[in-house]
Amino acid sequence: MQQQATDTVDRSHMTVSDEVAIQITKMNKWYGNFHVLRDIDLTVHRGERIVIAGPSGSGKSTMIRCINRLEEHQAGQIVVDGTELGSDLKNIDKIRSEVGMVFQHFNLFPHLTILENCTLAPIWVRKVPKKEAEATAMHFLEKVKIPEQAHKYPGQLSGGQQQRVAIARSLCMKPRIMLFDEPTSALDPEMIKEVLDTMVSLAEEGMTMLCVTHEMGFAQAVANRVIFMDAGQIVEQNEPKAFFNNPQHERTKLFLSQILGH
Amino acid sequence: MSDTHAQTVAYVRETMVEQKEPPLSQSGAYKWIHENMFSTPLNVILTVVSLFVIWTVLSHVLPWAVMGIWDADSLAQCREIRDQLYGADASVACWAVISERWNQLLFGFYPPELYWRPVLAFVLFLAAIAPVLFASVPRKMLWFSAAAPFVLYWLLWGGSLWGPIAVAAGFALGAVVMRFAAPALGALAGVLLAILVPLLYWFLISGPLAGALNAVIPLELVNVRSNDMGGFMLAMIIGVSGIALSLPLGIVLALGRQSDLFIINKCSVFFIEVIRGVPLIVWLFTASLLLNYFLPPGTNFDLMLRVIIMVTLFSSAYIAEVVRGGLAALPKGQYEAADALGLDYWKSMRLIILPQALKISIPGIVNTFIGLFKDTTLVVFIGLLDPIGLSNAIRASTDWNGIYWELFVFIGLCFFIFCFSMGRYSLFLEKKLRREHR
Ligand SMILES: Nc1ncnc2c1ncn2[C@@H]1O[C@H](COP(=O)(O)OP(=O)(O)O)[C@@H](O)[C@H]1O
Ligand SMILES: [Mg+2]
């Protein structure tokens with residue numbers, strides 16, 4: 001359905017470098033007795049656009065939330081931009097300010113205007129002067145095509161607009177990596193495109209992205225790698241063409257037939 | 001309509017016809033009364049009974065209040081005047097007790113030649129809370145609000161101005177330590193140091209420092225002891241201090257109760273449950289009697305100060321629970337978004353979580369404040385002369401022996417005005433915030 005929107009992707013800046021952005025080795029996580037993530041190994045190079053798919057409850061959200069420590073892993077190692085995620089709070093804050101995250105339910109701050117939403121973290125975390133932060137915020141709001149809403153409150157915007165603001169808010173921190181957790185699944189169909197377009201243009205600029213999404217059109221157009229997760233494991237990963245046309249595992253085939261079937 | 005049809009319809013009326021008043025049976029007061037008071041037989045009966053009750057009460061109270069006597073020196077004189085004017089069996093109020101004891105009801109036994117000080121303090125107090133209550137007042141005024149507690153203390157109790165200034169300097173010292181030590185030592189060590197340094201300063205340095213400064217430049221007012229304060233002034237001092245101090249303390253307790261840190265969490269829970277689970281009057285007796293046993297003999301720890309501390313602790317436990325409700329009502333996504341942006345705990349609380357949680361909690365917070373303000377009347381049981389205590393004293397005097405209602409009506413009315421305004425302010429704030437955020 002959304003495939004047409006992403007046909008004309010400009011790939012000139014989508015270059016994957018050798019530099020490692022995220023290195024996950026043998027990562028395990030439990031909720032009580034429940035083993036959510038099992039031996040996750042994943043290396044993400046700078047400039048990669050990775051789409052993560054898998055059935056509901058397979059641990060996709062948990063995995064990407066471990067990358068910025070919204071969830072704590074219990075075994076294994078996560079290194080982001082050369083900094084290891086441990087119990088050291090300084091490291092966590094450093095990583096969080098360099099990794100942007102976009103949530104399914106936007107999570108904008110309803111008591112602040114759009115502009116304040118975008119300038120808050122740069123001002124208080126990065127200590128950017130207010131004027132400069134506002135200029136940056138307006139720049140990114142223009143990029144997501146809603147500068148005219150800058151002085152409204154989130155409650156006055158549509159879902160698609162709110163999600164674009166959420167993306168702009170993350171970008172204002174000048175992150176080197178962006179995480180997306182089902183950014184379009186809470187949106188009405190007619191708003192999905194505007195958000196995907198924003199994500200495509202981000203990919204076109206060479207941003208390192210990890211997207212949990214079921215928008216397979218987006219995956220085919222933008223991703224350089226698709227990861228399939230099931231029951232807390234990475235079952236299969238491949239470049240999009242091979243992944244969709246020639247899935248190796250039964251579980252992948254089943255999942256793809258369910259999601260693309262009708 | 002007429003715009004769109006002007007080209008297609010042959011005849012269009014050029015001028016609007018005046019709208020007619022709806023018929024009498026459908027309009028205004030008549031319709032309202034009919035619908036709301038006489039719509040069904042049951043409704044008719046209820047209306048009639050209610051009107052009768054209201055009339056009965058008013059027909060007794062209104063003449064009593066309106067015909068009341070304002071000018072007399074004692075109850076006996078009041079009765080004489082009444083006999084002359086209305087006859088011996090008329091029931092009229094003797095408001096004269098209020099006009100005659102006006103100053104006492106307001107100030108207690110504050111020295112009359114110094115009345116200007118509490119009056120000035122009250123005016124300054126109004127100026128100081130204005131910027132806190134209303135966003136339209138210039139923000140710079142908040143500096144005055146911050147300084148006000150120290151100035152007000154000086155005005156009310158007198159003594160050297162250097163005392164409050166030296167105490168205030170402790171807070172500034174804490175802020176400076178926080179500003180420069182926290183980045184170097186990390187948040188927790190910074191906070192601890194920012195608490196420890198001022199405490200040391202207050203215990204060791206601030207007293208001698210104030211004395212020395214006063215010796216160089218004396219800025220002194222005549223001392224007034226707490227025992228001499230009473231009436232509404234006392235209720236205001238206890239109530240306002242309690243309110244101003246219990247809000248921050250309550251917020252800290254609420255955060256403590258939410259904290260993952262075991263010790264802090266358990267301490268907060270223990271404190272809240274213990275304070276809440278025991279009647280205020282017990283805490284007040286504790287303040288007035290028991291503390292004397294624990295404090296070293298000879299220390300004369302001001303009773304009013306002890307009461308303020310107890311009232312503050314008591315209402316902070318309630319505030320904590322109200323704020324906890326607000327914190328729990330926030331979606332988890334707000335915490336996560338703040339974390340994901342790299343805001344540390346204190347910043348995310350201050351900038352994201354608390355503004356929203358407090359907004360939700362406004363009705364509960366103001367409710368607690370109203371309760372606190374009315375509960376200040378309990379101090380009468382430990383011998384402080386709040387308005388109720390004074391009314392007892394007045395009724396015990398030979399001049400006014402036998403008078404009841406007038407004093408209680410007056411005191412009740414004053415408390416009602418205070419509490420009602422707080423309630424109205426809460427509504428105003430809720431409406432304003434709702435308008436702003438949607
Ligand atoms: N806080 C939690 N406590 C216990 N179980 C959880 C918690 N969060 C998630 N889970 C469980 O972990 C599994 C993976 O969840 P999640 O990562 O959200 O899956 P996905 O995003 O792939 O749908 C699910 O079975 C879910 O029920
Ligand atoms: Mg999920």
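Chain letters run A, B, ... following the sequence lines, proteins first, then strands; residues in each count from 1.
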(message) Tell me whether K143(A) at atom NZ has more than 12 heavy atoms from other residues, nucleotides or ligands lying less than 6.0 Å away.
(response) yes
(message) Distance alone, cut at 3.5 Å: any donor-acceptor contact between the side chains of S426(B) and E430(B)?
(response) yes
(message) Using the rule side chain to side chain contact (heavy atoms under 4.5 Å, CB included), only one of N28(A), L37(A), L85(A) pairs with H73(A); which is it?
(response) L85(A)
(request) Answer with yes or no whether the side chains of E71(A) and T62(A) bring together a donor and an acceptor at under 3.5 Å. (result) no
(message) Quick check on F103(A) against chain B: is it the side chain, the backbone, both or neither that has a heavy atom closer than 4.5 Å?
(response) side chain
(request) Please state whether the side chain, the backbone, both or neither of R169(A) comes within less than 4.5 Å of a heavy atom of chain B. (result) both
(request) Take F369(B) and F373(B) through the test ring-ring contact (aromatic ring centres under 6.0 Å, His included) and record every step on the way to the result. (result) CA-CA 6 Å; F369(B) 285 166; F373(B) 194 66; over 10 Å; no
(message) Under 4.5 Å from any heavy atom of chain B, what part of V99(A) do you find: side chain, backbone, both or neither?
(response) backbone
(request) Specify which of K332(B), Q356(B), K347(B) makes the most heavy-atom pairs with chain A at under 4.5 Å. (result) Q356(B)
(request) Measure L108(A) against the heavy atoms of chain B and call it side chain, backbone, both or neither at under 4.5 Å. (result) backbone
(request) Pick whichever of K152(A), Q104(A), R65(A) has the most heavy-atom pairs under 4.5 Å with chain B. (result) R65(A)
